[in-house]
Structure formats: structure tokens, C-alpha cells
Amino acid sequence: TDSERLLHQRVNAVPFNLLGVNKAFVRVLSPLEATGPNMEIVHEKFHQASYGFTDLIGQYLSGEKPKGQLETEEMLKVGASLTAVGELILDTDRLPKIRPPTDGSEYFLSTDDFETLRLEQEGQAEVWRVLACVCALAGVAVLMWAGRRYYQQLKLRWEQENMRREFEQMGAGERGEDENGVDVAENACVICLSNPRGCVLLDCGHVPCRNQSVPSVDKLLNALCLCIRPKRL
């Protein structure tokens with residue numbers, strides 16, 4: 001793809017005045033610090049590139065092949081219509097001058113009239129306001145998404161805590177019945193066959209054994225429920 005690169009730039013500025021009605025004038029200070037104006041191209045010349053052996057090697061290594069150099073000259077001609085927006089002062093020589101605002105506001109020199117310049121700046125401000133609103137809505141959406149995720153995790157934690165408390169209460173109640181002499185064989189752990197059940201298998205939700213018996217992996221595999229035990233053909 002074609003691309004351009006600035007090799008050299010030289011800027012020259014000379015003092016000038018803006019003339020108004022009734023031959024009133026104002027001296028323009030620091031015109032190079034202003035935004036604009038769009039100057040007119042008064043000279044343009046294209047210099048075709050010539051390649052040597054070393055140039056060809058450099059092009060092969062860099063992957064760039066320059067086509068040439070474009071020389072241009074732009075200037076603001078005398079008599080051009082210009083609109084200036086800045087800070088107007090009365091200097092010690094009693095001449096009115098316009099300069100960049102000291103409060104940091106933008107300094108304009110434009111070939112458009114004041115109304116066109118105002119509408120252009122209002123349009124840019126409207127675009128920035130819309131972008132600010134979009135960013136604010138995106139931020140609110142991200143916060144709501146993060147809050148929803150946090151609420152879901154907190155809700156899951158609450159459910160797990162409630163389930164743990166229910167099993168603890170169930171185990172305490174079953175142990176109380178055993179101390180009172182009630183037969184607990186119907187709710188006994190299928191591994192140790194003596195203590196009440198207190199461990200849930202997540203695959204099916206059944207309660208076949210107690211927590212202390214879970215580390216006995218070999219026994220647990222033999223005691224799995226029929227609904228989750230691998231079936232052999």
C-alpha cells in the first residue's frame with residue numbers, strides 16, 4: 001500500500017494585520033500557534049526517485065520502495081479573507097492585537113466566516129457529548145454486569161452454607177436419636193455401617209455415606225449408588 005512520510009518541513013512567518021471595515025486593523029500575534037488556516041498550495045513538484053545497487057538492497061531488506069519526493073509550498077496570500085478568534089489586547093504601543101488566549105482556550109485563524117466556524121465547533125462539541133454519554137452507559141453496563149456476577153457468586157455461597165448447616169443439623173439430630181437408643185441402621189453410612197450419613201454425591205444428590213468415610217476411595221467406589229455406578233454389559 002502507498003504511504004507518505006514527512007522528510008523535511010520549514011515554516012516561515014511574517015507579521016500581518018487583519019483589515020476590517022472603515023480600514024480598522026488588528027495585528028495578529030503568534031499565527032503559527034493557531035488552529036488553521038487552510039493555506040493555498042502555490043508550488044508543487046514531484047522528484048522521481050533514482051535507485052542504485054545499495055538502494056535496491058536496502059529496499060529488499062526494509063520492504064519499502066520509495067517512488068519519489070513531493071515538494072510543496074503553501075502560503076496565505078495577501079487579501080485572503082480570514083476570521084480570527086482569540087484574546088484581543090491593547091499593547092503599550094496603543095495598537096490592537098490578537099493573541100492566543102491566556103486561559104488556555106483554543107486560538108483560531110480560519111478562512112471560513114464566523115458562523116461557519118461556530119457551527120463546526122458546536123458539531124464537534126456535540127460529538128464529544130455523545131461519546132461521553134456512550135462511555136458512561138458502557139461503564140454503567142459493566143458495573144451492572146460485575147454486580148450481577150458478584151451477586152450470583154454470593155448467592156451460590158449462601159446456598160452452599162445453608163446446605164452445610166442443614167446437613168450438620170441433620171447429623172446432630174441423627175446422633176441424638178442414636179444416643180437415645182433408636183436404631184439408625186436405615187440411615188447408616190454404607191462404608192462404615194455404624195455412623196449416620198452426611199455426605200452428598202453431586203452426580204445424583206444421594207446421601208450414602210458420612211464425611212469421614214470419603215477419603216476411603218476404594219471403599220467409596222464399591223459403595224456408589226447404582227444410579228451413578230458404571231454399568232457393565
Review point. Do Asp103 side-chain atoms and Ser105 backbone N/O form a donor-acceptor pair below 3.5 Å?
Key: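 Side chain of Asp103 to backbone of Ser105, a donor-acceptor pair under 3.5 Å: yes, one is there.
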Review point. Is the backbone N or O of Asp112 less than 3.5 Å from a side-chain atom of Thr116, with the two atoms forming a donor-acceptor pair by type?
Key: no
Is there side-chain contact between [X] and [Y], with at least one heavy-atom pair below 4.5 Å?
X	Y	result
Phe16	Val78	no
Glu126	Gln124	no
Arg99	Ser30	no
Thr111	Leu82	yes
Glu4	Leu70	no
His43	Glu71	yes
Glu40	Met75	no
Arg164	Glu166	no

Looking only at heavy atoms, which two atoms of [X] and [Y] are closest? And how far apart?
X	Y	answer
Glu87	Pro100	OE1-O, 3.8 Å
Val26	Ile98	CG2-N, 3.8 Å
Asp55	Ser50	OD2-O, 3.7 Å
Phe46	Gly68	CZ-CA, 3.7 Å
Ala84	Leu18	CB-CD1, 3.6 Å
Tyr107	Leu29	OH-O, 3.0 Å

Review point. Leu109 and Thr83: side chain to side chain contact (heavy atoms under 4.5 Å, CB included), yes or no, with the steps?
Key: CA-CA 6 Å; Leu109 287 176; Thr83 301; over 6 Å; no
Check your understanding: Asp113 and Leu117: side chain to side chain contact (heavy atoms under 4.5 Å, CB included), yes or no, with the steps?
Key -> CA-CA 6 Å; Asp113 56 7; Leu117 182 61; over 6 Å; no
Rounded distance (nearest 0.5 Å) linking atom [atom1] of [X] with atom [atom2] of [Y]:
X	Y	atom1	atom2	result
Tyr150	Arg157	OH	CZ	6.5 Å
Glu115	Glu120	CD	CD	12.5 Å
Met39	Glu73	CE	CD	10.0 Å
Arg94	Leu90	CZ	CG	4.5 Å

Review point. Is Glu161 paired with Arg165 through a side-chain N to carboxylate O contact shorter than 4.0 Å?
Key: yes
Practice item. Tell me yes or no: between the side chains of Glu106 and Thr35, is some donor less than 3.5 Å from an acceptor? Key: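 Judged by distance alone, the side chains do pair up.
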Exercise for review: Report, as yes or no, whether the 6.0 Å neighbourhood of atom CG on Asn38 holds more than 12 heavy atoms from other residues, nucleotides or ligands.
Suggested key: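 Atom CG in Asn38 is not packed in, count stays at 12 or less.
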Review point. More than 12 foreign heavy atoms under 6.0 Å from OH of Tyr51: is that the case here?
Key: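 Counting other residues, nucleotides and ligands, OH of Tyr51 exceeds 12 neighbours.
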